[in-house]
There are 2 protein chains.
Amino acid sequence: MDKINEESVINLNPIRRGGFVSPFVRKYAIKYLDGYSVCDGCDGDLQKISNPPIRKIEEILTAKYQMDRLMITFGAREAMAVAARAVLSRGDIVLVDQNRHYSSILAIELSGASFVEVESSGYPEYEITPEKFRDAIEDVIKAKGKKPALILLTHVDGNWGNIADAKAVGAIAQEYKIPFLLNAAYSAGRFAFDSEEIGADFVAVSGHKSFGSVGPVGALLYRDKWGDKIEKKSHAYPLKKLYSLGCTVRGVAAAGFYQALLELDERLDRWPDEVEKTRYFVEKMEGLVADGIRQLGARPKIHDLVYFETPVLFEMGQKRRERGCFLAKELKKRGITGLKPGRTRGFKVSVYGLRKKEIDHVINSFKEILNGR
Amino acid sequence: MDKINEESVINLNPIRRGGFVSPFVRKYAIKYLDGYSVCDGCDGDLQKISNPPIRKIEEILTAKYQMDRLMITFGAREAMAVAARAVLSRGDIVLVDQNRHYSSILAIELSGASFVEVESSGYPEYEITPEKFRDAIEDVIKAKGKKPALILLTHVDGNWGNIADAKAVGAIAQEYKIPFLLNAAYSAGRFAFDSEEIGADFVAVSGHKSFGSVGPVGALLYRDKWGDKIEKKSHAYPLKKLYSLGCTVRGVAAAGFYQALLELDERLDRWPDEVEKTRYFVEKMEGLVADGIRQLGARPKIHDLVYFETPVLFEMGQKRRERGCFLAKELKKRGITGLKPGRTRGFKVSVYGLRKKEIDHVINSFKEILNGR
């Protein structure tokens, strides 16, 4: 298992856990710390650079996730913004799931479009029901006389760690011939899926969130048929792609992403273990105190991001001088970080990439802290 | 003087020379290679993070370059794109100097505006004459019945290494009350200047091009009065800045930029030496063969980026089996890189940050190569 980080602190922040780089990636990335480090062999297109082999990024990712083409971006949000910009016009309507990341909405706003939210099932599972997309499409058609211009689905959301049924949403998108953008920031790089089977037109991925890459880096994967729109060229400079401003990750993150992709198969193979460890973690945490700790989101877990509702910790905080900050403090004493100070009603964590004994240390730490109540 | 790079190769590529990171920056950056490495202490705004002290980036740069505020971006082109997007509307006209980087035009195109070019003096000096901006403004007013909406000036261009008279252009911009954007990618970080004295509304800077920072990182510096436009918030998420998609450099480049800024004063103090070394280099190179090598752009050099017109090397290539590629090959044998293979009619180079003996090695290498003619 990969080295966690230099200080040997256990960081439970879900946005961090899929971004820790292995010694293999670290050793390589260090060679590319200088500004414009990847540009020596560039003939005007970052994605075609052979040394370091940045051109392999497209080859590896399109093969692994069954897509035709790729544009390197600074992350998943920038990938969504490119897709939104390329596909949408002012006045268009986008259907988006309620569990989406805020940056999905910013991408839509920047394109001049507006959005209609497809609600989740709400507390406690917050699941996205694909059929609600059908209802929403019909509602938009009735109200506006035209179809939504895009469906944006969050494959795995960043709050509950639910995996949405992308294939079912994709089937509805195809039925209505609506372009389908999948935000795979928390899925691609963690587990394998088939974008073609899903029926996605666009898939946004994040190197630093889920591929164990140096950041900021990500990619927009897309179908050939969208090539002209996504790769729209400048009028004045007909070789330069407008939406990437001609070039994006001119530095270490591009090299780091390439190197991280060499470990992708091994990483994806580990996924069943990660889910198993997560379920073990949830079971033990929920068992610490009756009705005091409860995993929200879909059950059983099929993703490492876990949201715990923790009324017992909130009550403890009420009696402390430091109020809600006691928890982060107590954890820090035990070498555990990644919880926002003050969050005791509930919080999200991940044990992705942690060893069993580290997970046990986390569980035992919570146990000790709860003993103080 | 800083370590050049690990292979001890002398890289003459001007976009590389201002981006080599010092051991001081390297040592710090290595701690932040993990994805989202700077996000542990984030409360929703990258620019306010205290650990690592990313919040200091704004403090240091606005003080050094006499500006009010700053937005961290992925580089200077992204900074120009934010300014263009915030200030321009469809149908607006931007005045831009002929020496501009292509990405300036892409930024304008993305905003929906068009541009009018202010020509340089052409061969051999390619200088930008500030008064031509006045003429161009009058022409636009006559032809379109309205003023240009923005003046975009390239402070130091990337082809000839000329320093434009930003103060004179700024005075004209102020006279006509036209917003003034200075692309300082090749100036800020190399030498000090006073944005207030220049009368700039916006200054785009590049960490990886001129500050010896890990990339990709840069910033848009701007006046308070533009705050509402540049920092325009999302309708749905009123705390999130729309044009940065809520966050930009979530990784090593943000930490590296901060650390590089701790060496900024020392770096700026070295500038007179850099100019002196450049003049020495030009004098020696031009002296190698009568009428065979000539520095283009303004004379004498006041910036490290040098363009040499080299008919003598072109003629040599005509007689070789490898044609124009012989030069890059011959240089490579002598541990020198950074010239595009095939470029022998002319090329751009920089000796920024090189030691005197390294510059002499470059000069002697050209001398040896020329002896083979």
Side-chain angles (χ1 to χ4, degrees), chain A residues 5-6 11 13 15-16 18-21 25-26 29-31 33-37 39-40 43 74-75 77-78 80-81 85 102-103 105-107 109-110 115 206-217 234-237 240 242-243 245-253 256 337-338 340, chain B residues 5-6 11 13 15-16 18-21 25-26 29-31 33-37 39-40 43 74-75 77-78 80-81 85 102-103 105-107 109-110 115 206-217 234-237 240 242-243 245-253 256 337-338 340:
Chain A
N5 61 24
E6 278 148 328
N11 189 326
N13 189 345
I15 68 161
R16 296 299 312 278
F20 289 116
V21 303
V25 172
R26 185 175 299 271
I30 284 169
K31 295 192 283 181
L33 286 173
D34 294 319
Y36 289 109
S37 58
C39 306
D40 280 332
D43 275 328
F74 295 111
R77 72 181 71 196
E78 289 82 2
M80 291 195 287
R85 178 80 198 236
Y102 77 82
S103 62
I105 303 300
L106 269 60
E109 288 184 15
L110 274 172
F115 69 96
S206 169
H208 48 268
K209 186 169 260 161
S210 291
F211 286 85
S213 174
V214 178
V217 70
S234 157
H235 287 292
Y237 295 90
K240 297 297 185 186
L242 202 52
Y243 300 133
L245 285 167
C247 186
T248 57
V249 190
R250 39 209 186 278
V252 60
T337 64
K340 292 242 175 284
Chain B
N5 62 24
E6 277 148 330
N11 189 327
N13 188 346
I15 68 162
R16 296 299 311 278
F20 288 116
V21 303
V25 172
R26 187 175 297 272
I30 284 168
K31 294 192 284 181
L33 286 173
D34 294 318
Y36 289 109
S37 58
C39 306
D40 280 332
D43 274 328
F74 295 111
R77 71 182 71 197
E78 290 81 5
M80 290 195 288
R85 177 80 197 235
Y102 77 82
S103 63
I105 302 300
L106 270 59
E109 288 184 15
L110 274 172
F115 68 95
S206 170
H208 47 270
K209 185 170 259 161
S210 292
F211 286 86
S213 174
V214 179
V217 70
S234 157
H235 287 292
Y237 295 91
K240 298 296 184 186
L242 203 51
Y243 300 134
L245 285 166
C247 186
T248 57
V249 191
R250 38 209 187 278
V252 59
T337 64
K340 290 242 175 283

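Note on naming: letters A, B, ... go to the chains in the order of the sequence lines (proteins, then strands), and numbering restarts at 1 for each one. Model, not experiment: these values are computed from the prediction.
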S.K.: Name all residues meeting the salt bridge (Lys or Arg N to Asp or Glu O under 4.0 Å) criterion together with A:Arg250; count only those two or more places apart in sequence or in a different chain, and write none if there are none.
M.R.: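 Counting only residues at least two positions away or on another chain, A:Arg250 forms a salt bridge (Lys or Arg N to Asp or Glu O under 4.0 Å) with B:Glu78.
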
S.K.: Would you mind telling me which of A:Pro216, A:Gly75, A:Gly256 has the largest number of heavy-atom pairs within less than 4.5 Å of chain B?
M.R.: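 Of the options given, most contacts go to A:Pro216.
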
S.K.: Heavy atoms only, distances under 4.5 angstrom: which of B:Ala236, B:Gly212, B:Ala81 has the most pairs with chain A? Name it, please.
M.R.: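 Most heavy-atom pairs within the cutoff with chain A belong to B:Ala236.
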
S.K.: Heavy-atom distance under 4.5 Å to chain B: side chain of A:Ser210, backbone, both or neither?
M.R.: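 Interface part for A:Ser210: neither.
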
S.K.: Looking at B:Asp43, B:Val25, B:Val214, B:Val249, which makes the most heavy-atom pairs under 4.5 Å with chain A?
M.R.: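 Among B:Asp43, B:Val25, B:Val214, B:Val249, the one with the most close pairs to chain A is B:Val214.
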
S.K.: B:Phe74 vs A:Phe74 aromatic rings, parallel, tilted or perpendicular, using cut-offs 30° and 60°?
M.R.: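 Correct class here is parallel.
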
S.K.: Highest number of heavy-atom pairs under 4.5 Å with chain B: which of A:His235, A:Glu109, A:Lys209?
M.R.: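 It is A:Glu109.
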
S.K.: Select, from B:Ala29, B:Ser37, B:Gly338, B:Ala253, the one with the greatest count of heavy-atom pairs under 4.5 Å involving chain A.
M.R.: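 Highest number of heavy-atom pairs under 4.5 Å: B:Ser37.
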
S.K.: Which distance, rounded to the nearest 0.5 Å, do you find between the OH of A:Tyr102 and the SG of B:Cys247?
M.R.: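 Going from OH on A:Tyr102 over to SG on B:Cys247, the span is 6.0 Å.
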
S.K.: Would you compute the distance between atom CZ of B:Arg26 and atom CD1 of A:Ile30 and round it to the nearest 0.5 angstrom?
M.R.: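 One finds 9.0 Å between CZ of B:Arg26 and CD1 of A:Ile30.
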
S.K.: side-chain contact (heavy atoms from CB on, under 4.5 Å) for A:Leu245 and B:Leu110? Distances and angles first, verdict last.
M.R.: CA-CA 9 Å; A:Leu245 285 167; B:Leu110 274 172; 3.7 Å; yes

S.K.: If you look at every heavy atom in B:Leu33 and A:Val21, which pair is closest and at what distance?
M.R.: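 Where B:Leu33 meets A:Val21 most closely, the heavy atoms are O-CG1, 3.8 Å.
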
S.K.: Which region of A:Phe115, side chain (C-beta onward) or backbone (N, CA, C, O), has a non-hydrogen atom less than 4.5 Å from a non-hydrogen atom of chain B, or is it both or neither?
M.R.: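 It is the side chain, since no backbone atom gets that close.
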
S.K.: Sequence neighbours excluded, which residues qualify as side-chain hydrogen bond (donor to acceptor under 3.5 Å, both in side chains) partners of A:Asp40?
M.R.: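 Here the qualifying residues are B:Asn11, B:Arg16.
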
S.K.: Starting at CG of A:Leu106, measure out to NZ of B:Lys240 and round the result to the nearest 0.5 Å.
M.R.: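 So the gap between those two atoms works out to 8.5 Å.
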
S.K.: Please flag which part of A:Ser213 lies under 4.5 Å from any non-hydrogen atom of chain B: side chain, backbone, both or neither.
M.R.: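 Contact with chain B: backbone only.
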
S.K.: With rounding to the nearest 0.5 angstrom, report the CD1 to OG distance, A:Ile105 to B:Ser234.
M.R.: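 If we round to the nearest 0.5 Å, A:Ile105:CD1 and B:Ser234:OG are 8.0 Å apart.
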
S.K.: What are the two closest heavy atoms between A:Ile15 and B:Tyr36, and how far apart are they?
M.R.: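 Here A:Ile15 and B:Tyr36 meet closest at O-CD1, 3.0 Å.
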
